[in-house]
Protein chains: 2
Amino acid sequence: MAMDREQVLRTAAALLARKSTATMDEVARAAGIGRATLHRHFAGRDALVRALEAYGIREFEAALDRARLDEGGAGDALRRLVAEMENVAELLAFLVTENQLFEGDQVNEGWARLDARVSALFRRGQEQGEFRIDLSPVWLTEALYGLLGSCAWAVMDGRVAKNDFQYMIAELLLGGARRSVEK
Amino acid sequence: MAMDREQVLRTAAALLARKSTATMDEVARAAGIGRATLHRHFAGRDALVRALEAYGIREFEAALDRARLDEGGAGDALRRLVAEMENVAELLAFLVTENQLFEGDQVNEGWARLDARVSALFRRGQEQGEFRIDLSPVWLTEALYGLLGSCAWAVMDGRVAKNDFQYMIAELLLGGARRSVEK
DNA sequence: ACCTAATGAGACGTTGACGTCTCATTCGAT
DNA sequence: ATCGAATGAGACGTCAACGTCTCATTAGGT
């Protein structure tokens, strides 16, 4: 009888990632609960999206913690981050395209904190001579988000194997498509 | 008095790329025409989106033609492609997220043709030893789309300078973030 | 077994965008 | 200058999703 709020958020995230215009009724049925119950826990669609945002930020932050970006080489740290973010990628792809979250004056400050942590990793890689300096940390951060979203979508559509997720993103982001002169 | 259909499509693309849920009324006003006139030329919202899809495919195809992907090194061809696609990036970013276009049984076959042309470029690069072979052409194609969209967004938000658009995408996609062993 | 709180199903009114229509106005060709 | 076609503004009905409410049912603790 007790509604598992966490579980509802996860189901909603999975559904909305595929169909961002899904109805409250569809969200409720996907979660196996009634529409009334959904409304009892999330005042409305806005509240649901906000809750998903908070959930996504929380999960993203947890992934950052687990990846221990300060330890070891920046490249390896990035690989760990990609691995830890695989499960959040779909949700983040949805949230990023939900411009409703970024137009009001009530923009969740969590995003800035997350961006800063990711950017710091790229900056560290540059300062330690591991990453090139002609690509700004801000752009590398955006590129990481973009690749995570693209790959999540490609996996959902069956164009990329789920097992290749981490490798495809990390390798492309680190080494690019060009063959290295030296291995 | 004559409505410039092409111009309307361009304005609609620019608006919908930023706010994909924009109203028909907002689209009309952005284009400087009345809502009634908009409806006279596009039977409804679906028709408008379909017209945008056709327009995007047309522009994308023209960019592919201009880039002459068969000529010269694959890396240089990719650079030309990125350059030619800069103006279509926003529209494509919108179309790709418009899942309405890809769920019915009436999926425009143009996408497959475009994907094939881009994939062929990556495959050529691999066969000629210029690109690495552990990243599939399909994934590289998806990654290109993702980076184009991310960078277009970053430019709109002012996080990346418009002048850096081509360089950031082409360099990241070709060389990655890691410093090359040899220049 | 009882009691309380939560749930599911559904009815109901509201709202916003849609699509259609009318009519006066304006553009542009002749 | 004239005439026909296209436009803008707005009114109107429709419809889907929303948010609220009620009520019977069920779950779970005591």
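Owing to the predicted nature of the structure, the values given are computational and were not obtained by experimental measurement. Values below: every heavy atom of this structure, side chains too, minus hydrogens, waters and symmetry copies.
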Indicate the atoms forming the closest heavy-atom contact of B:L140 with A:A177, along with that distance. CD2-CB, 4.0 Å

So does A:E103 have more than 12 non-hydrogen atoms from other groups sitting under 6.0 Å from CD? yes

In whole angstrom, give the distance that lies between atom CG of A:D25 and atom C1' of C:dG8. 12 Å

May I ask you to verify whether the side chain of B:R35 and the base of C:dG19 hold a donor-acceptor pair under 3.5 Å? yes

Nearest whole Å is fine: how far is D:dT7 P from B:R29 CZ? 16 Å

Spell out, yes or no, whether A:M156 and B:V96 are grouped together once hydrophobic residues are joined by side-chain heavy atoms under 4.5 Å, including indirect joins. no

Heavy atom of residues 38-48 of chain B under 4.0 Å from DNA chain D: which residues? B:R40, B:H41

Answer yes if the side chains of B:Q100 and B:D46 hold a donor-acceptor pair under 3.5 Å, and no otherwise. yes

Measure the distance from CG on B:D4 to C1' on D:dA6 and round it to the nearest whole Å. 15 Å

All heavy atoms of B:A161 vs all of B:V155, minimum pair found to be O-CG2, 4.2 Å

Per atom distances to the A:T23 side chain, the nearest of D:dA17, C:dC18, C:dT7 is D:dA17

Can you name the nearest heavy-atom pair linking B:R159 to A:E142, along with the distance? NE-OE2, 2.7 Å

